[in-house]
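First up is the structure itself, then whatever we jot down about it.
Chain letters run A, B, ... following the sequence lines, proteins first, then strands; residues in each count from 1.
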Amino acid sequence: MIKSSLFNVILLLSLLWSCKKAPQLTSAMEDSFYLRNSGADMPVFVNGNGSSKVFILLLHGGPGDGGLKYRHHEFSNLLEEQYAMVYWDQRHQGDSQGHLTESEITIDAMVEDTHLIIQALKKRYGSEISVFLMGHSWGGLLGTAYMLKDDYQTEVNGWIESGGAHDFPLMNVEIVKKINSIGPAEIDAGHHTIKWVEILDYVSTIDTANISSEQASKLNEYAGVCETLIHELYAKTEPDVGDFETFFFSPTNPLQVTLNGNTLPSSFYEEIIHSSYTSQLDKITTPTLLLWGKYDFKVPSAIAERAYEKINTAHKYLKIYDHAGHSSMRYVPELFVQDIITFVEQYK
Amino acid sequence: MKTSFFTLLILIACSTIAQNDFWERKPISISYYGHYYFHPGLKIGTQYNWRNWEKEKERKKRTITKNKSLFISPQVGFYVHPKNHNGLVFNVDFGYQKIKKRSGWYQAYSVGLASISQFNAGTTYVEGNDGSIKTKNLASRTYFMPSLNLEIGKEMTPGFAWFTKFTIASKLFYNTGVSVETFLEIGLKIDLNLLSKS
């Protein structure tokens, strides 16, 4: 009796599951799906103006952040008014789950995931949709790796990179240069003198021809500190959803997101810090928009300038914002969004 | 493999129950089952007291009598984390319970062993053998999930109690590590034997 009741309940739930409506391309889409690939189940959230038939797939930073960490910010709210934003939790990050081994957590595995998500978007919403790829920080490295693999770049209408760490060795050298170029002026202006002296002292000990992993890690930490010491940077926007609501009522689980991000295997970080794509950027022929902050110490704008020279298309644009740091979208959301809209409207 | 291990564990627990024929009390529990408190669900279960004993403590004005027991409690739960996943949990708790005979208040501390199947919310896409994208129905993954539980409740009338239970748990072999889960249950326990006697 109990067995048969339980069976009926499970059957009913299965039927309810199978009665899902087909997704509609509306101006206020709230859709989600999963991608399963190589041991990982990864959630994908699609929000915004689907009727535009333009989908911007956001490759989050970190590594270790989640896609939804970028939602409910001023920039993403503005973009959602225009286009469908696709927030994806990469493998072993965000709320992704699965049975994974270290060997399945690689840049190439995530490139394949990116490729499959674009296929899934086209299957779900129609092959006529336009897809733009947008990578921030670590997501810029991932997006670059995607653009360089096989003919994958033909799947997207455009590539938007913001503060993208697509060349770690070069990035470390540029961090040292950036600190040395801005630090002394800040000291002369009397801004946070003690901290700048400490950072400059540390930087002076580094041989840029031979930067160790430990030094790179410390440089990254100091780069983050430098950004907080700059007077020109202000009005950093915060998400318009509170922590309590996010924790208990959102589709994500912030505690698990943190845990997943903090337990990424060291082999993956080793792969990242040795990744250098600048020399291959001439293979990118797809329209490209590079959006950087002048005070991005983590991934200095020199990286973007080098990329701009190398990318092999006339349809390339570089914007460096005077009042922005590593996350331009949070410092100058309106400018950031306007530049994206201009780019997307041209190539959609 | 892990699911098989868990099934074996439940069978061993059930066979132990049968062999000792220890049960007079088999309360049925039904409760709100909240994953992270607010992801709603439902849980049903029962409880078999394996050992019962009584302990008295002399106080200045009166004697306090506590009924203590060791119990096994198999349960089935289902919850929905909207737009994330739906969880189906098969769980066995092994615990210690003490009841104040006069007031009916009780506390229970237990260790749980569970199998949780996590069904992805919405459609799941997979790559087919030919490289094309296909959908997979009812895509799920199953994890082994041990837990620690604290339960507080009160027997209102013989055979009828309310309870609340707080659980912290961890899915093992989750990604390359573990997960952190917490559950809240608020529900009723109904002892059918005692109710029918009264």
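Interface remark: B:Tyr37 contributes side-chain atoms only to the contact with chain A (heavy atom separation under 4.5 Å). Contact annotation for A:Leu259: only side-chain heavy atoms (C-beta onward) come within less than 4.5 Å of a heavy atom of chain B. Contacts between B:Ser170 and chain A at a heavy-atom distance below 4.5 Å are absent for every atom of the residue.
For the set B:Arg141, B:Lys171, B:Glu127, B:Glu181, the entry with the most heavy-atom pairs within less than 4.5 Å of chain A is B:Arg141. In terms of heavy-atom pairs under 4.5 angstrom with chain B, the leader among A:Thr101, A:Val44, A:Asn37, A:Asp41 is A:Asp41. Heavy-atom pairs under 4.5 Å with chain B were tallied for A:Ala40, A:Ala120, A:Pro43; the largest tally goes to A:Ala120. When B:Thr135, B:Val126, B:Thr124 are compared by the number of non-hydrogen pairs under 4.5 Å with chain A, B:Thr124 comes out ahead. Counting heavy-atom pairs closer than 4.5 Å to chain B, the top residue among A:Met42, A:Lys123, A:Gln119 is A:Lys123. Most heavy-atom pairs under 4.5 Å with chain A, from the set B:Asn84, B:Ile133, B:Asn175: that is B:Asn175.
Contact annotation: the side chain of B:Leu42 approaches that of B:Ile30 to within less than 4.5 Å [non-hydrogen atoms, C-beta and beyond]. At least one side-chain heavy atom of A:Ile129 sits under 4.5 Å from a side-chain heavy atom of A:Lys122. When side chains are defined from C-beta on, B:Leu113 counts as touching B:Pro146, because their heavy atoms get closer than 4.5 Å. Residues A:Tyr70 and A:Met134 fail the side-chain proximity criterion, which asks for heavy atoms closer than 4.5 Å. Proximity of A:Arg124 to A:Pro23: side-chain heavy atoms (C-beta onward) are separated by under 4.5 Å at one or more points. Counting heavy atoms from C-beta on, the side chains of B:Val111 and B:Leu148 come closer than 4.5 Å.
For the residue pair A:Thr252 / A:Asp95, a side-chain donor-acceptor distance below 3.5 Å is found, with atom types taken as modelled. A:Asn260 and A:Gln256 share a donor-acceptor pair across their side chains, judged by distance under 3.5 Å alone. Looking only at atom types and distance, the side chain of A:Asp113 has no donor-acceptor partner in the side chain of A:Gln90 under 3.5 Å away.
Here A:Ser38 pairs with A:Arg91 under the side chain to side chain contact (heavy atoms under 4.5 Å, CB included) rule; sequence neighbours left out.
A side-chain hydrogen bond (donor to acceptor under 3.5 Å, both in side chains) check over residues 52-64 of chain A, counting only residues at least two apart or in different chains, returns the pairs A:Lys53-A:Glu128.
B:Tyr125 and A:Phe33 have their aromatic ring centers within a separation under 6.0 angstrom. Taking the six-membered ring for Trp and the full ring otherwise, the centers of B:Phe119 and B:His81 sit at least 6.0 Å from each other. In this structure, the ring of B:Tyr33 has its center less than 6.0 angstrom from the ring center of B:Phe183.
Contacts between residues 102-110 of chain A and chain B, defined by a heavy-atom separation under 4.5 Å, are made by A:Glu102, A:Ile105. Within residues 151-158 of chain A, no residue has any heavy atom under 4.5 Å from a heavy atom of chain B.
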